[in-house]
Amino acid sequence: MNELIESRRCFNGEQRRYRHRANTLSCDMQVSVYLPDQAKSQPLPAVYWLSGLTCNDRNFVEKAGAQRIASELGLILIVPDTSPRGEGVADADSDSLGQGAGFYVNATEQPWRAHYQMERYVTDELVQWSADTLPVNDKRAIAGHSMGGHGALTLALKHPHLYTSASAFSPISHPTECPWGQAALSAYLGEDPQLWLQHDACVLLQSKRSHIPMRVDQGLADPFLTEQLNPQALEKAAQVHQAPLAMHYHDGFDHSYFFVASFIETQLRFHHHYLR
Ligand SMILES: N[C@@H](CCC(=O)N[C@@H](CSC=O)C(=O)NCC(=O)O)C(=O)O
């Protein structure tokens, strides 16, 4: 099953929504896609956007205002949901676990492992779905916010052949050492912290020599800055291991999509430079 379920004119392009059967997740998934008009005459590069806790595929496309600059630059935006969904899919009474909180890992533990395979979904099935469904070329970037910023950085570091560049707003930078990350990684991967290391951008920067250009934007009025996000740990790991990370701090900005909307143009121009 692969259906176009909504299409609306937006700047010089179309804001679409698809529903498709996701075999890796064993459920149906909704994906939002922004398709600039340039795609009518040539295949275009794509930016994959990964959203944060409590989000689905709509938060970014309705709040970030990314379509205007994507239409100018000729970038297709591909925005998946943040977890598997449905009545038969395990859930938790928490904003940071279960539906809306897939953390972009492949769960190995019960009751999660039957559906929560978000790393494989994003890096494998969604890439193939995009090639089969959309006028994409073979250039891709990945970006995200908060939990999705963690996803963008870790998936780019683990799958560097897939992406030309990666960026994040307010990422959960060191999930093995923060409450959101520890709760999710222990549930999805088991209690042994050694099993979590491959899903922490700070650790991946230490163990892999990364050449992928990365940009992070972080608001300094973000209420989650110290307890959950820890951008300084990421900055330090990148410095020590000479990884190409540009960290930008912004006075007065919080964790919301008002912050994302303020700098999404900067991040899309960053990706466009490498995708050309
Ligand atoms: N209530 C939760 C945090 C909810 C929240 O702030 N979600 C953010 C992402 S946080 C990290 O992944 C978000 O994007 N919300 C949707 C939106 O449209 O703003 C808590 O405090 O634990």
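All figures in this text were calculated on a predicted structure; none of them were measured in a lab. Just follow the structure's listing: the first ligand is 1, and inside any ligand the first atom is 1.
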Among [options], side-chain contact (heavy atoms from CB on, under 4.5 Å) partner for [X]:
X: Leu204; options: Gln198, His241, His199; result: Gln198
X: Ser32; options: Asp57, Leu77, Asn59, Asn56; result: Asp57
X: Glu3; options: Arg21, Gln30, Arg19; result: Arg19

Query raised in the report: Would you call the rings of His255 and Phe224 parallel, tilted or perpendicular if under 30° counts as parallel and over 60° as perpendicular?
Result: perpendicular
Query raised in the report: When rounded to the nearest 0.5 angstrom, what distance separates CG in Leu50 from CD1 in Ile78?
Result: 11.0 Å
Query raised in the report: List by chain and number: which residues place a heavy atom under 4.0 Å from ligand 1?
Result: Gly52, Leu53, Thr54, Cys55, Asn59, Lys63, Asp95, His145, Ser146, Met147, Trp180, Phe224, His255, Tyr257
Query raised in the report: Between Phe169 and Phe259, is the ring centre distance below 6.0 Å?
Result: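 Centroid separation for Phe169 and Phe259: below 6.0 Å.
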